[in-house]
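Below is one structure, written out as structure tokens, with a few remarks after it.
Computed from heavy atoms alone, side chains included, the values below leave out hydrogens, waters and symmetry copies. Whatever order the structure lists them in is the order used to number ligands and atoms, beginning at 1.
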Amino acid sequence: MGRKIRLGVNIDHVATVRNARRTFEPDPVHAAVIADLAGADQITLHVREDRRHVNERDLKLIKGLIHSRVNLEMAVTDEMVGIALDVKPHQVTLVPEKREEVTTEGGLDVLSQKEKVREAVEKLKSAGIVVNIFIDPDREQIRAAKDVGADAVELHTGRYAEAFAENDEERVKEELDRLRDAAAFAKEIGLKVYAGHGLTFKNVKAVAEIPEIEELNIGHSIIANAILFGLEKAVREMRRLIEG
Ligand code: PXP
């Protein structure tokens, strides 16, 4: 057995399926309970400005029901800081947010908005919330995250995941080196080191092997595989009900 890495399961895309029909199933709250029972160390969810997947109702119920940690991903806005201070998740992850993006495309640019980020970090930390910042694996951004008082940085693994999906071995190596260097630097200056975005059953291992990384947040691939693994059971059950 390797060392223990905390697994944060991101349940946003359960809500994506629910919201596609504006109905009540599948309920991300149920998904969070199942993930919790199955061994997730943390439930991660991103309440976006446009509420395109999870919303405050989901966040509050999940916070009240599950026994593992709750990690709220959120933009650096007064509205979101207010929600975090009200619900008090174990941890907040500050992320950039653009309305038109399909998912969080890059890390937060802390360097260009240090005062704004520092102010949010201070408010959240004074309420006892652990503050993590999602950033690109870049030394200057990591240094800026430390300067504004973050407890942790989550290294964006999207570029590594893209290179992996394209079978571009050279870029995979380059992106892994970038992640390794960033992880070592972040730890050296006193930050906790996490990683996430685009991680799948196939590409997760090399990232999990980076020794400084203590937490991974994974969503899309887990939910995608859950649909496929569960489909046979669901079809058989519908057939049984039809046939009586
Ligand atoms: N970490 C952060 C900060 C994210 O914004 C996301 C996507 O919501 C993830 C991890 C999970 O990414 P994925 O769904 O690609 O596993």
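A side-chain donor-acceptor contact under 3.5 Å links Asp136 to the backbone of Gly107. Within the 3.5 Å criterion, the main-chain N or O of Gly158 finds a donor-acceptor partner in the side chain of His156. Here the side chain of Thr157 pairs a donor or acceptor atom with the backbone of Gly196 at under 3.5 angstrom.
Counting only N and O atoms by type, the side chains of Glu215 and Asn217 include a donor and acceptor under 3.5 Å apart. Between His46 and Glu97, the side chains place a donor N or O and an acceptor N or O closer than 3.5 Å (distance only, hydrogens not considered). A donor and an acceptor atom, one from each side chain of Thr93 and Asn132, are located under 3.5 Å apart.
Counting atoms of ligand 1 from 1 in the listed order, those under 4.0 Å from a heavy atom of Asn10 are 8 (O). Within ligand 1, counting atoms from 1 as listed, the ones closer than 4.0 Å to a heavy atom of Val95 are 3 (C). Listed by number with element, the atoms of ligand 1 under 4.0 Å from a non-hydrogen atom of His220 are 13 (P), 14 (O), 16 (O). Set against the non-hydrogen atoms of Ile218, the atoms of ligand 1 under 4.0 Å away are 16 (O). Taking every heavy atom of Asn217 and a limit of under 4.0 angstrom, the matching atoms of ligand 1 come to 10 (C), 11 (C).
Residue-ligand proximity: Gly198 is placed with a non-hydrogen atom under 4.0 Å from ligand 1.
Of the candidates Ala224, Gly219, Gly196, Gly219 brings a heavy atom nearest to atom 16 (O) of ligand 1. Heavy-atom proximity to atom 9 (C) of ligand 1, evaluated over Glu97, His13, Glu73, is greatest for Glu73.
The pair Arg180-Asp177 meets the salt-bridge criterion, since a charged nitrogen lies less than 4.0 angstrom from a carboxylate oxygen.
Contacts between Glu154 and ligand 1, counted as non-hydrogen atom pairs separated by less than 4.0 Å, involve the side chain only.
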